[in-house]
Engineer: 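One structure follows; several queries about it will come next.
All figures in this text were calculated on a predicted structure; none of them were measured in a lab. When a ligand or atom number is given, it counts from 1 through the structure's own listing order.
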Amino acid sequence: MGTRSVTRFWEWGRKIICVGRNYAEHAKELKNELPTEPVLFLKPPTAYVKEGSEILVPHYSSDLHHEVELGVVLGKAGREIPLSSAMEHVAGYALCLDMTARDVQDKCKAKGLPWTLAKAFDTSCPVSDFIPKERIPDPARVELWLKVNGVTRQRGSTAHMIFSVPYLISYISGVMALEEGDLILTGTPKGVGAVHEHDEIQAGIDDVISMTFKVSRRASITQ
Ligand SMILES: O=C([O-])CC(=O)C(=O)O
Ligand SMILES: [Mg+2]
């Protein structure tokens, strides 16, 4: 394991920690209250998908939504990380999609159940190549965008995050140990919406990176 590089973080099998409702405009569009503390949920490492592979709509959903998000890749482990040194734990970034089965999430919310089926299915976390820390000098000045079949659906600046990247690192590390290779998805700006089989999703960070994914449907389990 000594030769592995954090630039291939998706191969490590580390945690994916997601922050929800971190942009007021997105919380509003889904009629959620503004959080007073970060809302956290997890995706398993099997959710990762790299460019060149397809995003699969789970067989139990008919309303798969895109959410474009800035991902933070951890370079140094830590627990109870103080705010003042939080950025020292960042190795770099990745552009990420938090694919969400919105119909399933709505049912889970109504019943007070966890979001696992809505958020943690295979291919629910498309990621870009690793972006070294130097390429994003300030994570609060990142312009995110997402298009479906060439039409812009999301455009937003990380300047509008409710909880900043250093705050999130410090907060999360007080809940669970952060490890090298972990990925934090920092929440989506407004404009989320549905994608369907054969759609093409393109997403990017202005002047830094872009990526493209095709959407396909996962066959239902037949026995
Ligand atoms: O809208 C949701 O499902 C919560 C979330 O993941 C986000 O705000 O990015
Ligand atoms: Mg999200």
Side-chain angles (χ1 to χ4, degrees), residues 10 15-49 55-58 60-73 93-128 139-140 142-148 153-165 167-169 171-172 175-176 182-195 201 203-205 211 213 215:
W10 60 90
K15 309 188 275 304
I16 305 168
I17 305 129
C18 304
V19 180
R21 304 177 187 169
N22 201 23
Y23 291 78
E25 294 276 298
H26 170 64
K28 221 191 288 173
E29 74 182 343
L30 293 189
K31 300 187 173 47
N32 291 312
E33 281 174 20
L34 290 191
T36 51
E37 285 191 354
V39 172
L40 301 183
F41 58 93
L42 295 169
K43 289 180 190 275
T46 41
Y48 279 126
V49 58
I55 297 169
L56 301 176
V57 184
Y60 50 79
S61 173
S62 54
D63 193 22
L64 181 65
H65 275 204
H66 54 77
E67 296 190 356
V68 67
E69 310 200 1
L70 177 67
V72 180
V73 181
Y93 302 90
L95 179 63
C96 302
L97 304 183
D98 169 16
M99 298 307 297
T100 303
R102 195 71 70 199
D103 46 353
V104 178
Q105 186 193 33
D106 286 346
K107 280 187 207 141
C108 294
K109 279 185 190 168
K111 291 184 186 163
L113 292 173
W115 295 354
T116 307
L117 266 69
K119 293 281 198 179
F121 55 88
D122 294 348
T123 78
S124 62
C125 190
V127 288
S128 72
V142 172
E143 298 296 323
L144 301 167
W145 58 266
L146 181 140
K147 294 178 185 181
V148 178
R153 294 273 192 91
Q154 291 189 269
R155 178 165 266 288
S157 170
T158 56
H160 299 127
M161 279 185 190
I162 297 171
F163 302 107
S164 69
V165 167
Y167 184 87
L168 291 171
I169 292 170
Y171 179 88
I172 295 167
V175 177
M176 64 188 89
D182 282 352
L183 176 70
I184 300 174
L185 267 62
T186 55
T188 194
K190 70 170 190 255
V192 303
V195 289
I201 304 178
I205 296 175
M211 61 183 189
F213 285 89
V215 180

Engineer: Which atoms of ligand 1 have any heavy atom of Gln105 under 4.0 Å away?
Structural biologist: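 Per the distance check, 2 (C), 3 (O).
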Engineer: Look at atom 8 (O) of ligand 1 and say which protein heavy atom is nearest, naming residue and atom and giving the distance to 0.1 Å.
Structural biologist: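 For atom 8 (O) of ligand 1, the nearest protein heavy atom is Arg21 N, 2.7 Å.
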Engineer: N/O of Asp98 under 3.5 Å from N/O of ligand 1, yes or no?
Structural biologist: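 In this structure, Asp98 places an N or O atom under 3.5 Å from an N or O of ligand 1.
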Engineer: Number the atoms of ligand 1 from 1 as they appear, then name those within less than 4.0 Å of a heavy atom of Leu30, with their elements.
Structural biologist: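 Those qualifying, in numeric order: 1 (O).
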Engineer: Among all protein heavy atoms, pick the one closest to atom 1 (O) of ligand 1 and tell me residue, atom and distance.
Structural biologist: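 Here the nearest protein heavy atom works out to His26 NE2, 2.6 Å.
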Engineer: Among Thr158, Leu185, Leu95, Leu144, which one satisfies side-chain contact (heavy atoms from CB on, under 4.5 Å) with Glu69?
Structural biologist: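 The side-chain contact (heavy atoms from CB on, under 4.5 Å) with Glu69 is passed solely by Leu185 among Thr158, Leu185, Leu95, Leu144.
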Engineer: Less than 3.5 Å between some nitrogen or oxygen of Trp115 and one of ligand 1, yes or no?
Structural biologist: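 Not met; the criterion fails.
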Engineer: Got the closest protein heavy atom to atom 2 (C) of ligand 1, with its distance?
Structural biologist: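 Checking every protein heavy atom, the shortest distance to atom 2 (C) of ligand 1 gives Glu67 OE2, 3.3 Å.
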Engineer: Looking at Lys119, which atoms of ligand 1 are within less than 4.0 Å of one of its heavy atoms?
Structural biologist: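 Within the 4.0 Å cut-off of Lys119, ligand 1 contributes 2 (C), 3 (O), 4 (C), 5 (C), 6 (O).
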Engineer: Run the contact test for Arg102 against ligand 1 with a 4.0 Å cut-off on heavy atoms, strictly below, and give the result.
Structural biologist: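 Under 4.0 Å: yes for Arg102.
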Engineer: What atoms of ligand 1 come within less than 4.0 Å of a heavy atom belonging to Gly187?
Structural biologist: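 Contacts of ligand 1 toward Gly187, numbered from 1: 9 (O).
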Engineer: Give every protein N, O or S atom lying under 2.8 Å from the Mg ion (ligand 2), naming each by residue and atom.
Structural biologist: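 Per the 2.8 Å query on the Mg ion (ligand 2), atoms found are Glu67 OE1, Glu69 OE2, Asp98 OD2.
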Engineer: For Phe41, state whether at least one heavy atom is located under 4.0 Å from any atom of ligand 1.
Structural biologist: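 Contact present.
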Engineer: So, Glu25 and His160: side-chain donor and acceptor under 3.5 Å apart, yes or no?
Structural biologist: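 Distance-only check fails for Glu25 and His160.
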Engineer: Considering non-hydrogen atoms of the protein only, which is the closest contact for atom 4 (C) of ligand 1, and what is the distance?
Structural biologist: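 Protein heavy atom with the smallest distance to atom 4 (C) of ligand 1: Gly20 CA, 3.7 Å.
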Engineer: What is the distance from atom CE of Met99 to atom NE2 of His65, rounded to the nearest 0.5 Å?
Structural biologist: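 Met99 atom CE to His65 atom NE2 measures 9.5 Å (nearest 0.5 Å).
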Engineer: At the 4.0 Å heavy-atom cut-off, does Val192 count as touching ligand 1?
Structural biologist: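 No; Val192 lies far enough from ligand 1 that no heavy-atom distance drops under 4.0 Å.
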Engineer: Find all atoms of ligand 1 within a distance of less than 4.0 Å from any non-hydrogen atom belonging to Glu69, and give their numbers and elements.
Structural biologist: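 Listed by number with element, the hits are 9 (O).
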Engineer: Of all residues at least two apart in sequence or in a different chain, which pass the ring-ring contact (aromatic ring centres under 6.0 Å, His included) check with Trp115?
Structural biologist: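 Residues passing ring-ring contact (aromatic ring centres under 6.0 Å, His included) with Trp115: Phe41.
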